[in-house]
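What you see is a predicted model; the values in this text were computed from it and never measured.
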Amino acid sequence: MDDIPFFETSSHLRLEDHRLVTGAGRFVADLASEDTVHLVFVRSTEAHALITNIDFSGVSSPDVLGVFTADDLGLPDIPGDSTAMTAPDFPRPHLARERVRYVGEPVAVIAATSVAAGVDAIDGVWIDYEPLPAVADPKASITDEIVLHPAAGTNVAARSELSVGETQDVYDLVAEIEVLNQRLAPNSIEPQVILAIPEDDGLLVYISHQRPHGIRARLAQFLPIGEDQIRVIVPDVGGAFGMKGMTYPEHAITAAIALQLQRPVMWAERRREHLSGGTHGRGSVHRVRLMGTADGKIQRAEFDVVADVGAYPHNGSAIPMFSRLVALGLYQIPSVAASITCVVTNAAPTGSYRGAGRPEAAYAIERAVDAFARAGGLDPIEVRLANFIPSEALPYRTPTGALYDSGDYAAALRLAVDLVGLEDIRREQKRRLEEGTDPIGLGFGAFVERAGGAADSGEYGRVEIDDDGRVVVRTGSASSGQGHETAWAQVAAAALGVSPEDVTYVAGDTEQVARGMGTFASRSAQLGGGAIWRTAHVVRQKAIDLAAELLEANPADVVLENGVLSIVGAPGTEITWRELAAAADERGLELSAEEWFVAGAQTFPYGVHVAVVEVSLETGEVRLERMVAVDDCGNVLNPMLVEGQLHGSLMQGIGQALYEGVVYSQDGQLLTSTLMDYEMPRASDAPPIISERLVHPAPSNPLGVKGTGEAGCIGAPPAIVNAVLDALAPYGVTDIQMPLRPATVWEALSRNERITVD
């Protein structure tokens, strides 16, 4: 079945958009009834403290139905363990007991008839704290001078060491840098929302989430009911970006209170809660050392990574391992050493955020490659070309264990150079330098992404023909805005000869979809789409065989086109899908197929992004003139959807490079608690984007697709920062940390003097 030729795709308009833009979409918060109870959390104002007393005797409003602490709910702790590490001494209580470990940690929860009543009632809850010293800097946390989890006796939640290949005593060329991937807040348009409704036989949960089956299993771990008694429905989702694929204390708390009160209970995260108490992305420091020959050949790379997982490691501890897998980027470097240390701090827990480990890795290696080239007085383009893994070496197993599947990395770089107009930019740079006007710079961000999740993970797909002759697809890949409804319809329609409008998409309901892994790690098209493609062809063959029987023809002569089945060269022999469904029902046949599709390998989309910037010498403002993005995501199901994913992820990458950053004071107080303090890019900040694609199909799945949803936020940050350093090199600026706000750039300029250029 894997040898079925790829179908010709088009930029079919999104089927889901009509309901979304006309206000007919249904999000979790739209589903609250008049008797819904609303939760408001009382959150810690201290970064690190002992809880000496909680007094809620001042809450007297008749609109408050209850105030709950950890003892009232009796929920077991969330284990500190993850897929990447075992950390039994770092459990996370659903509500803080005895000690709080970050500003925003939930300590108590108020159940009220309205959010407003709950917010008003917060003033009646008094919590007495005994403050403890706090540590917000991950490098300082390693010293264990302040220990967050006494049972662990250390702040180090996990350590990992990797050493592959030989090293030598002396190298001709050595470059060493330290780069920070600052904490980021995901800030989806729709924050987290959950609505739990008790039913006679269990619990109905509406939730804005990326993994309906996964969150059902997690809830069952904490609640006094079985997984088979919980039905999870994910309606329309207003963005997720990784953060909605995880487990949060508020999820189980909402469900537990619903069971206790026997009423519908909703928690809708407010923006301030999201900024202080939701997971943050990134949060790591990479020290990188590249060593090689004088002509620019990199022979060894060393990485020392300190990852800040926040107060509790259960969501964010796997991400540094994702970084290590692709730490070498697109480069053929035979010798590598990598040390990873995950530490807890008095800050909100970190977790997956678009890219999850791959942006951190790409930023570190691309900054280091530019520094390596600069140290040797070499052209950064030529250094990249000299060290890229050649296309004839693919598939290629890297020293870190990744199996890169397909591509042509040098071709991507050369195309990006052509598109950006390198010679014109260099001439303009020289002119501006001679005239003393604001400089411009050019920077590259070459990257590879691991897509698909674990190689042995799979996804569920089912295709069936209903009684009306409509094609129904059921998938475990619940959409959070990517356009699955359209793409999956296109896949099934291409296999069955119908229009995408004739396909019904069913996802996000554990009762209507038998199994599911979920939507994360750029996996959906290759696994979810692959499952639909394969099962659609099983249904296709069943339909052909039945149509041949009904029309008394050879199956090889049956064609499926324009919503009917007919015999080639025999006008008037058409049979509709509805008629075929009726005939199948009469014979006791099912025109359906289902599969748990496992590709058996990850895919490795890649790209080269280029930024052109202008820097104001007077103010330090960085003006992004244009972005060039050359990507290879394998075969493309819908070019419009891919372009949309690229633009969205580019804006998030631009946000990290120039604007965004969660900031804590030294004593752990959050300084970016509102959108007045946490700056994000606006539509007006979007630069002109020039995008092109190379196509090297993935060999591991029947559609030949890779991933595309995270490309921009991986490639843009190193491209932009390298461009700024290129612009400021004549002024002696050789290092700078994100985000490149005007004050940061101005201070870097003020510390240096212009270098005289002959």
Next item on the list: Would you check if there is a donor-acceptor pair between the side chains of N315 and T279 at a distance under 3.5 Å?
Entry: no
Check: Between the side chains of Y102 and E46, is a donor N or O closer than 3.5 angstrom to an acceptor N or O?
Finding: no
Check: Judged by atom type as modelled, is there a donor-acceptor pair below 3.5 Å linking the side chain of Q262 to the main-chain atoms of L259?
Finding: yes
Note to self: My understanding is that only one of Q656, R183, Q182 makes a side-chain contact (heavy atoms from CB on, under 4.5 Å) with R282; could you say which?
What the structure shows: Q656
Next item on the list: Using a 4.5 Å cut-off on heavy atoms from C-beta on, say whether the side chain of E250 contacts that of E269.
Entry: no
Next item on the list: Without swapping roles, check the side chain of T510 against the backbone of V232 for a donor-acceptor pair under 3.5 Å.
Entry: yes
Next item on the list: Look only at the side chain of E360 and the backbone of S284, and say whether a donor-acceptor pair between them is shorter than 3.5 Å.
Entry: no
Notebook entry, point to check: Closest approach of A311 and V344, non-hydrogen atoms and distance?
Noted result: O-CG1, 3.8 Å
Notebook entry, point to check: Nearest heavy-atom pair of A240 and S188: which atoms, and what distance?
Noted result: N-CB, 4.1 Å
Notebook entry, point to check: With a 3.5 Å cut-off and no angle check, do the side chains of Y312 and E105 form a donor-acceptor pair?
Noted result: yes
Checklist line | Any donor-acceptor N/O pair, T486 side chain to L15 backbone, under 3.5 Å | finding: yes
Notebook entry, point to check: Any chance the side chains of R99 and H149 put a donor and an acceptor closer than 3.5 Å?
Noted result: no
Margin query: Parallel, tilted or perpendicular: which one describes the rings of Y248 and H251, with boundaries at 30° and 60°?
Written below: perpendicular
Checklist line | Validation row: I207, L195 side chains within 4.5 angstrom (heavy atoms) | finding: no
Next item on the list: Determine, step by step, whether V513 and V506 satisfy the side chain to side chain contact (heavy atoms under 4.5 Å, CB included) criterion, reporting the C-alpha distance in whole Å, the side-chain angles of both residues, the deciding distance to 0.1 Å, and the verdict.
Entry: CA-CA 7 Å; V513 179; V506 179; 4.3 Å; yes
Notebook entry, point to check: Can you tell me how far OG of S480 sits from CE of M243, rounded to the nearest 0.5 angstrom?
Noted result: 10.0 Å
Notebook entry, point to check: Any side-chain heavy atom of H38 within less than 4.5 Å of one from I110?
Noted result: no
Checklist line | Donor + acceptor pair across side chains of Q482, T519 (<3.5 Å) | finding: no
Notebook entry, point to check: Between V42 and P106, is any pair of side-chain heavy atoms under 4.5 Å apart?
Noted result: no
Check: So, does D509 use its side chain to make a donor-acceptor pair with the main chain of E511 at under 3.5 Å?
Finding: yes
Margin query: Between R216 and E227, does the salt bridge (charged side-chain N to carboxylate O under 4.0 Å, His left out) criterion hold? Intermediate values first, please.
Written below: CA-CA 6 Å; R216 179 181 66 172; E227 188 173 343; 3.5 Å; yes
Next item on the list: Say whether, by atom type as modelled, one donor and one acceptor occur between the side chain of E273 and the main chain of R270 under 3.5 angstrom.
Entry: yes
Checklist line | Donor-acceptor contact below 3.5 Å, side chain T36 vs main chain S33 | finding: yes
Next item on the list: Consider only side-chain N and O atoms of T69 and D71, and report whether a donor and an acceptor are under 3.5 Å apart.
Entry: no
Checklist line | Heavy-atom pair of closest approach, residues R263 and D35 | finding: NH2-O, 2.8 Å
Margin query: Is it true that, when you exclude E98 itself, more than 12 heavy atoms of the residues, nucleotides or ligands shown sit nearer than 6.0 Å to its CD?
Written below: no
Next item on the list: Evaluate whether atom CD of Q666 has more than 12 neighbouring non-hydrogen atoms of other residues, nucleotides or ligands under 6.0 angstrom away.
Entry: no
Item checked: Test item: N346 side-chain N/O and A134 main-chain N/O as donor-acceptor pair under 3.5 Å -> no
Item checked: Ring centre gap for Y460 and H213 strictly below 6.0 Å -> no
Checklist line | Donor on one side chain, acceptor on other, Q645 and T708, under 3.5 Å | finding: no
Next item on the list: Answer yes or no: is there a side-chain heavy-atom contact under 4.5 Å between D128 and I51?
Entry: no
Note to self: L95 vs V109, test: side chain to side chain contact (heavy atoms under 4.5 Å, CB included). Steps then yes/no.
What the structure shows: CA-CA 8 Å; L95 291 171; V109 58; 4.3 Å; yes
Notebook entry, point to check: Will you find, in the side chains of R14 and N638, an N or O donor that is under 3.5 Å from an N or O acceptor?
Noted result: no
Note to self: Keeping R358 on the side-chain end and A356 on the backbone end, is there a donor-acceptor pair under 3.5 Å?
What the structure shows: yes
Item checked: Any donor-acceptor N/O pair, R92 side chain to G80 backbone, under 3.5 Å -> no
Check: Side chains of T672 and Y664: is there a donor and an acceptor less than 3.5 Å apart?
Finding: no
Item checked: Quiz item: cation-pi between R523 and F520, 6.0 Å / 45° -> yes
Notebook entry, point to check: Do E660 and N187 have side-chain N/O donor and acceptor atoms under 3.5 Å apart?
Noted result: no
Margin query: Set out, in order, the CA-CA distance, both residues' side-chain angles and the distance that settles side chain to side chain contact (heavy atoms under 4.5 Å, CB included) for S352 and I319, then state yes or no.
Written below: CA-CA 7 Å; S352 292; I319 293 169; 4.2 Å; yes
Next item on the list: For this output row, return yes or no: ring centroids of F222 and H94 closer than 6.0 angstrom.
Entry: yes
Check: Taking all atoms of both residues into account, what is the closest heavy-atom pair of F56 and V125, and its distance?
Finding: CB-CG2, 4.0 Å
Check: Does the pair V662 and L275 meet the rule for a side chain to side chain contact (heavy atoms under 4.5 Å, CB included), with working shown?
Finding: CA-CA 8 Å; V662 174; L275 289 168; 5.7 Å; no
